[in-house]
Amino acid sequence: MVEPSIERYLSDLAAVDDEPVLLEMEELARSKDFPIVGRLCGRFLEVMARTAGAKRIFELGSGFGYSAYWFARATGPDGEIHLTDSDPDNERLALDFLGRAGLDRPIRYHVGDALSSLADTDGTFDVVYCDIDKQGYPEAWRQARRRVRVGGLFMCDNMLFHGSVLQPDDDLGRAVDETNRAIAQDPDWRSFINPTRDGVVAAVRLR
Ligand SMILES: C[S@@+](CC[C@H](N)C(=O)[O-])C[C@H]1O[C@@H](n2cnc3c(N)ncnc32)[C@H](O)[C@@H]1O
């Protein structure tokens, strides 16, 4: 969405972390063509979670733990991070990667439907982060908005969805657009979509 040379410039600035496990996760994503959030979004997640003083985080759609890597950096060792994915192989990979990176905070990996796992988990969260299939975005927002503490964050990736939010005949684009509008118009929340990569929203709960 951002002019490519500017996006490259921003990515280069962000490319200072070269821990072997991080590079290994990025190589796995490349080789399997698996959609991780990448450096720019990852650092944004970490910065926002640190700013919110986040300790308890719930991720909807975790894959093999790349986005959780950035959240785990933010929470410190006393964080509690819930990961979810329908694919059991991803649990094994995520626990191995995060363990070897020294980021094995108390982690609970829920295998199954992400929104059912959220419903089955008690309490509120400092951050709920969403990266599931796009048709689930409106319901993810409806559920998550009640589960973030006041002052906490709802964050969600792909909020521009390659520009398809502008195309009314695109079902998935419409689902993302509906979610964007619901967040932006919610009087209990203030939000901003960072337009780098595919757009990631950071919304803070006011009351
Ligand atoms: C885009 S990837 C997540 C990437 C991850 N957030 C990262 O950046 O490392 C989406 C993942 O969510 C899972 N997924 C999608 N919809 C889901 C749902 N409704 N419930 C559980 N998992 C889901 C997919 O299996 C996939 O692994």
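Each ligand, and each atom within it, is numbered from 1 in the order the structure gives.
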- Task: Say whether Val37, considering both its backbone and side-chain N or O atoms, lies within less than 3.5 Å of an N or O atom on ligand 1.
- Result: yes
The atoms of ligand 1 lying under 4.0 Å from a heavy atom of Ile36, numbered in the order shown, are 7 (C), 8 (O), 9 (O)
Do Glu46 and Tyr69 have a side chain donor and acceptor closer than 3.5 Å? no
Under 4.0 Å from one or more heavy atoms of Ser67, ligand 1 contributes atoms 5 (C), 6 (N), 7 (C), 8 (O), 9 (O)
Among non-hydrogen protein atoms, atom 1 (C) of ligand 1 lies closest to Pro35 O, 3.3 Å
- prompt: Can you check whether Asp87 has an N/O within less than 3.5 Å of an N/O in ligand 1?
  reply: no
Original post:
Parallel, tilted or perpendicular: which describes the rings of Phe125 and His82, with under 30° parallel and over 60° perpendicular?
Top reply: perpendicular
Arg197 and Asn158, any side-chain heavy atoms less than 4.5 Å apart: yes
- Task: Side-chain contact test, heavy atoms from C-beta onward, threshold under 4.5 Å: evaluate it for Tyr137 versus Cys156 and give yes or no.
- Result: yes
*asked:* Test your reading of the structure: does Gly61 have an N or O sitting under 3.5 Å from an N or O of ligand 1?
replied: yes
Any donor and acceptor pair, going by atom type alone, linking the side chain of Arg207 with main-chain N or O of Val150 inside 3.5 Å? no
Within the 4.0 Å heavy-atom cut-off, what Phe34 brings close to ligand 1 is side chain
Honestly, for Ser62 the part within reach of ligand 1 (heavy atoms, under 4.0 Å) is backbone
### Query
Does a sphere of radius 6.0 Å around CZ in Phe34 hold more than 12 heavy atoms from other residues, nucleotides or ligands, not counting ones at 6.0 Å or beyond?
yes
The protein heavy atom nearest to atom 22 (N) of ligand 1 is Ser86 N, 3.2 Å
| request: Report, as yes or no, whether the 6.0 Å neighbourhood of atom CZ on Arg181 holds more than 12 heavy atoms from other residues, nucleotides or ligands. | output: no
Under 4.0 Å from one or more heavy atoms of Gly112, ligand 1 contributes atoms 20 (N), 21 (C)
If you scan protein heavy atoms around atom 19 (N) of ligand 1, the nearest is Asp113 OD1, 3.3 Å
shortest atom 10 (C) of ligand 1-to-protein heavy-atom contact is with Asp131 O, 3.2 Å
min-distance protein heavy atom vs atom 11 (C) of ligand 1 -> Asp85 OD2, 3.3 Å
In this structure, atom 16 (N) of ligand 1 is nearest to the protein heavy atom Asp133 N, 3.2 Å
Atoms of ligand 1 under 4.0 Å from any heavy atom of Gly63, numbered from 1 in the order shown, are 27 (O)
Between Glu59 (side chain) and Ala68 (backbone), is there a donor-acceptor pair under 3.5 Å? yes
**Asked** Between Arg50 and Arg73, is there a donor-acceptor pair closer than 3.5 Å when you use the side chain of the first and the backbone of the second?
**Response** yes
protein heavy-atom neighbour closest to atom 20 (N) of ligand 1 works out as Ala114 N, 2.9 Å
The atoms of ligand 1 lying under 4.0 Å from a heavy atom of Tyr66, numbered in the order shown, are 9 (O)
Within 4.0 Å of some non-hydrogen atom of Asn90, the atoms of ligand 1 are 27 (O)
Here the pair of heavy atoms bringing Ser117 nearest to Phe58 is C-CZ, 3.8 Å
Heavy-atom closest pair (Val201 atom, Ser191 atom, distance to 0.1 Å) is CG2-CB, 4.1 Å
### Message
Between Asp126 and Arg149, does any side-chain N to carboxylate O distance fall below 4.0 Å?
### Response
yes
*asked:* Test your reading of the structure: does Thr84 have an N or O sitting under 3.5 Å from an N or O of ligand 1?
replied: no
